[in-house]
A.B. asks: 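Encoded as structure tokens, here's the structure I'll be asking about.
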Amino acid sequence: MDRDARRKPLVVFLLLAPVAWLFLHPHRKSGKPATAAVVTQLTLAPSTMLWAWEVPEDLSTLDPTRAGVAFLSRELLLSNNPAQPVLVRGRHQPLRVAPGVFLMAVTRIETAPGFKPAPATAAQVARAIAATSAQPDIRALQVDFDATPTQQAFYADVLRQLRTLLPARLSLSITALVGWCSPASTSALNSASNSVDEAVPMFFRMGGPAATRASAPRSLAAIDQPLCSSSVGLSTDEAWPQVPPGRRVYLFRPGPWTPNDLALVNRFGYEGLKPHL
Amino acid sequence: MLRLRMPLLSLFALVFCAATARPCGPDFPVAVFAVWPDGAYPSFVAGHVGVPLGDHARTRDLVIAYDALTHTPLTPADQKQAIAVNRSFQQSWADTDTSNDPPPPGLNAWIAARNAISLDDGMAPTLALPLTRAVPGNSYEGITNCLDDAFANAARTLTARAAAFGKQSPAVLAWVRGQDAVFTNCGDGKAPEYFGPGQPPPPPPAPRLPEAAPTSAPRWLQQDRAYQLAAAHFYALDFDAAIAGFRAIAADTASPWSSLAAYLVARANIRKATIADATGDIADPDRAKAQALAAAQKARTHADLGLAQKQLLSLRADPRMAPLQIAVADLLDYVNLRYDPDAQAVVLATRLHSPATPNFGQSLIDLTYLRYGPYDEVKTIGDSADADDRTGMLAWIKALTTPDPKLALAQWRSTHTSAWLLAAITLAQSGDPAVPDLLHAAEALPATDPAYTAVAYHRLRLGPRTPAARALLLGIVPHIDTTGAPTTTNLFTALNAATAPTLEDWLRAAPRTPTAAGNPEIAVVTPPQSTPAGDTPPPPTLENVCGHKANSANFGQLFDVDAAIALNEHFPLRLLAAAAESSVLPENLRFQVAQAAWARAVLLDLAQPSPVDEAIARRMAPVLFACRATWKPVLDAYNAAVVATASPAQEADRRATALLALMRFASTEPSVRQGEERRGGFATYDEFRQNWWCSTVPLAGGDVDEPPDSPTSVELGPDVDAHYPPPPFLTHADLAEAQAEIAVLRKVPNASTYFAQQALAWMKLHPSDPRTPDILGEADRVLRNSCRTEQPFDPHTGKPTGDPNDMNFTPNLARALFEALHTHYPTSSWAKRYKSWE
């Protein structure tokens, strides 16, 4: 890190001292970062989770002991419309899963241009997300929101309120931009770290030249925050970083999962879907 | 009832962030030089077909192209619908500012009409009225249960009843109570709480039914109440009861709801067919039982849809249903898409090929749905549809998208149409036996034909790369249609580069204007949106890499893959230098080339001192600091240290200044980039460690940010050399010279490893040189910000492999640099700066 960047951690530490211990760790030499406390439900999750998005999905042949399913349950559009600041769109495509599969209901949040966060909106958003827990066999919730820097304090508020609406045994996961998890991260989301059990850094669709982005493997060295260190998000059509054992891998596939995909996961876990680029 | 089709759009909404214009990861601009359709969509739908590319072309675009190519272009009304459909497919619901959007008109009208009635039963509706319901069972899906038209209808009816009978009359109040009860079935009722895994879900709420009207009630109320009861059953998902209720009303010709009820019988059958109860079905752990259940369910669905189709056909023939014919026709399309997709595909193709189709837009959506079904890989339209389709559209689309060159060729030979010529020549490869025939036909195609530009491109693509071909290209270019289409310009410019007889001709054709930026899966460039202060600023667009105000002349152009491969792998250093000194290239690209030439010259000279390389490095200096003045002191120091014949002391001096000069700016890289500028611009660090280089000379199609073992060239295919041959003006000697230089350059590891190893070697030889702490310190700075080489580990056991003391591994080099600084130069500013080795 150059000279100027050295000042940043000191300022961050002073500002976030009450909760900073969860995210900052003193040594950057080589040791593994400290992990946050893990709630029981998520520890039962398989090491492979398949993201099932807004397409008809038949995952009934997926072996529940090999993989779980994080399915898009709901989308929220946040805007400044005074009459309807939170538009809710539910899942419109069927999802079939085998009995006993670890199911995680995902809520995707989008914001209309010019969206200005408001406290009342945070409460409404939290309630809308919490409602996704009232479906059969849900073991965890996940929130997928690419909050911009000025939206992050609002997002942290949503997560704190959401946590109070959920029973303690229901785990809460969020997806994370890789930059939130980097050593230099000053994300305001740090203040909500007590509300969240897991942040999944997404190592795909990170931009770059069109012809080469898919095959440029990334490095997990960019990840330093403890909440981001137990999992990783990958895509079946982009090169993967080397994944240390013990990480939960969330897999995205452009398009629906095929029976062949599921058979490979059943046999080899997430490694069965490693792209050969 | 187009609204029933709204859920179909969700199949293609692709709301997952990766597929919208808002990628999940950091948002970097990605230059794309060839997309189809290109340019402004209105220009495309008006008939400027351009050059159809690839087998991933979209159905809707191929329909429009086929119409243009077969001389049945879209009418202005069809064009308008096509533009609206394209926008709806491409835009996320988050792309427009909905701050000032009015509430749904039907619901809004119902709320107003209801609030005009003084009835305080706690049931007054608001905009928060739940409108969606979970589908029963374990499919985790929901439906938009109550559509806006239902509320509009209720508002109109209440207004009429209130006007006729008085808004506080007991009968009207009873009507309102009944309607309130109907709409409580729109949602799932009280939100259930979390009930945990392995627990049965709570039972769905009991239907809330309006009370039966007493026999003493006015006739109008009894008729309205019958309708409300049937509607309540419909929204409560009790479709058998709804069907029975609506049937009875349809049979009562005196009821004002008779016609509508007949239509709603069909709608209820469709809902019954498409909202399957999934309880205990194909999720059964007994696979054979699950498959049997699924098959039975599919058969039931098909039967119910067949019933709905019969009903709708009957309604279509009923003169009594004249006011509802559009609704009936739309619903029939909905049913036929699922019940008889092949026949419906033919109907849609016929509509789309006819002028002035009132439902052109919906037909585009429906055909897209048919072609891509539940899985992208499966095309749901059978071959029989192609045979029955007299327009030829379905077969044409299939030939291009499968791709099926044999089909295209056979169709061209039998029809001799320019549309099929285009398909056949698009799918042809050099060396195919049919190519001479295709080229002959292409030559005869008049320039006025809508297929001319695309056919001409492929004619040149397939032809030999000879001086005669270049003359042909230059003769054709004035006749091609580039209306609003940068892709067409870029494609022909690439052909120009591929046939360039001189370096100067090649340099004129090398720069290309990107046609789109952002996620390459989306051709439309999303307009910039205002971002609040403090949010990540958009990528720099106001300055080019030289810090000058950007315009199309000095920033808008980049190298495409062919130019980058040529410069990086085929040009010897002396021609790279000549290219950098030429005034033909725009400023930003000239800087890239000069920087690459300078870095290569210095690296080659470090590997093996060479007055030729030193001279080239010196020649690049004025080009570099004309762009960035901060280069000057660095290059002046280097140039002063470089002498033609060096003593050992001078040799050391040259080495030290060379290393320091290479390490000075994080943006120094020995190859040009394809499709982009360096993300961090000049000198600034990239926070993702893409500083200096991971590879000196990347594999074909790659860039310096990728490690040398990146399999990028595999993505470009094993025939990358065939696809991107060297420009013709390069001689065998030029190419051999380039390969010899590249062989040396590819032995240089990534920048972290290279500079660390060089610095440690320098220290061993020159421990007392005053520059040594700086060389060590700068190497450490590079290592902390550039590519890493980690010790690999076995992914199954987690155990590291290889020699843990390997001095190619970044952690080992980091420690060595740290210990060198702290042991031998503890008072240096670098030792004070770096308190740990990582």
A.B. asks: Using heavy-atom distances under 4.5 Å, tell me whether A:Leu87 contacts chain B through its side chain, its backbone, both, or neither.
C.D. replies: both
A.B. asks: Measuring from atom CZ of A:Arg74 to atom OG1 of B:Thr132, what distance do you get when rounded to the nearest 0.5 angstrom?
C.D. replies: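 A:Arg74 CZ to B:Thr132 OG1: 6.5 Å, rounded to 0.5 Å.
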A.B. asks: How long is the straight-line distance from CD of A:Gln93 back to CD of B:Glu141, given to the nearest 0.5 Å?
C.D. replies: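 Answer rounded to 0.5 Å: 7.0 Å.
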A.B. asks: Quick one: closest heavy-atom pair of A:Arg96 and B:Gln297, and the distance?
C.D. replies: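 Of all heavy-atom pairs spanning A:Arg96 and B:Gln297, the closest is NH2-NE2, 3.6 Å.
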A.B. asks: Between A:Leu165, A:Leu95, A:Leu59, A:Asn80, which residue shows the highest count of heavy-atom pairs closer than 4.5 Å to chain B?
C.D. replies: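 Of the options given, most contacts go to A:Leu95.
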A.B. asks: Testing the basics here: between A:Asp137 and B:Gln199, what is the closest heavy-atom pair and its distance to 0.1 Å?
C.D. replies: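 Closest pair (atom of A:Asp137, atom of B:Gln199, distance): OD1-N, 4.4 Å.
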A.B. asks: Any side-chain heavy atom of B:Tyr140 sitting closer than 4.5 Å to one from A:Leu72?
C.D. replies: no
A.B. asks: Quick check: do B:Thr144 and A:Arg89 have side-chain heavy atoms less than 4.5 Å from each other?
C.D. replies: no
A.B. asks: Nearest heavy-atom pair of B:Ser99 and A:Pro82: which atoms, and what distance?
C.D. replies: O-CD, 3.7 Å
A.B. asks: Less than 4.5 Å to any heavy atom of chain A: does that hold for the side chain of B:Leu127, its backbone, both, or neither?
C.D. replies: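 Contact with chain A involves both backbone and side-chain atoms of B:Leu127.
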A.B. asks: Would you mind checking which part of A:Phe71 comes under 4.5 Å of any heavy atom in chain B, side chain (CB onward), backbone (N, CA, C, O), both or neither?
C.D. replies: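 Looking at A:Phe71, just its side chain touches chain B.
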A.B. asks: Provide the closest heavy-atom pair for B:Thr98 versus A:Asn81 in the form atom of the first, atom of the second, distance.
C.D. replies: O-ND2, 2.9 Å
A.B. asks: Are any of the side-chain heavy atoms of A:Arg169 and B:Tyr194 separated by less than 4.5 Å?
C.D. replies: yes
A.B. asks: Considering only heavy atoms, which portion of A:Ile109 lies under 4.5 Å from any heavy atom of chain B: side chain, backbone, both, or neither?
C.D. replies: neither
A.B. asks: Given the options A:Pro201, A:Pro136, A:Ala131, which has more heavy-atom pairs under 4.5 Å with chain B than any of the others?
C.D. replies: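 Max contact count across the listed options: A:Pro136.
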A.B. asks: Please state whether the side chain, the backbone, both or neither of A:Gln84 comes within less than 4.5 Å of a heavy atom of chain B.
C.D. replies: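 Side chain of A:Gln84 only, per the 4.5 Å heavy-atom cut-off to chain B.
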A.B. asks: Between chain B and each of A:Ser79, A:Pro94, A:Gly233, count heavy-atom pairs under 4.5 Å; write down the option with the most.
C.D. replies: A:Pro94
A.B. asks: Given that the side chain runs from C-beta out, which part of A:Pro167 has a heavy atom under 4.5 Å from chain B: side chain, backbone, both or neither?
C.D. replies: side chain
A.B. asks: Nearest 0.5 Å, please: how far is CZ in B:Phe195 from CD1 in A:Ile138?
C.D. replies: 7.5 Å
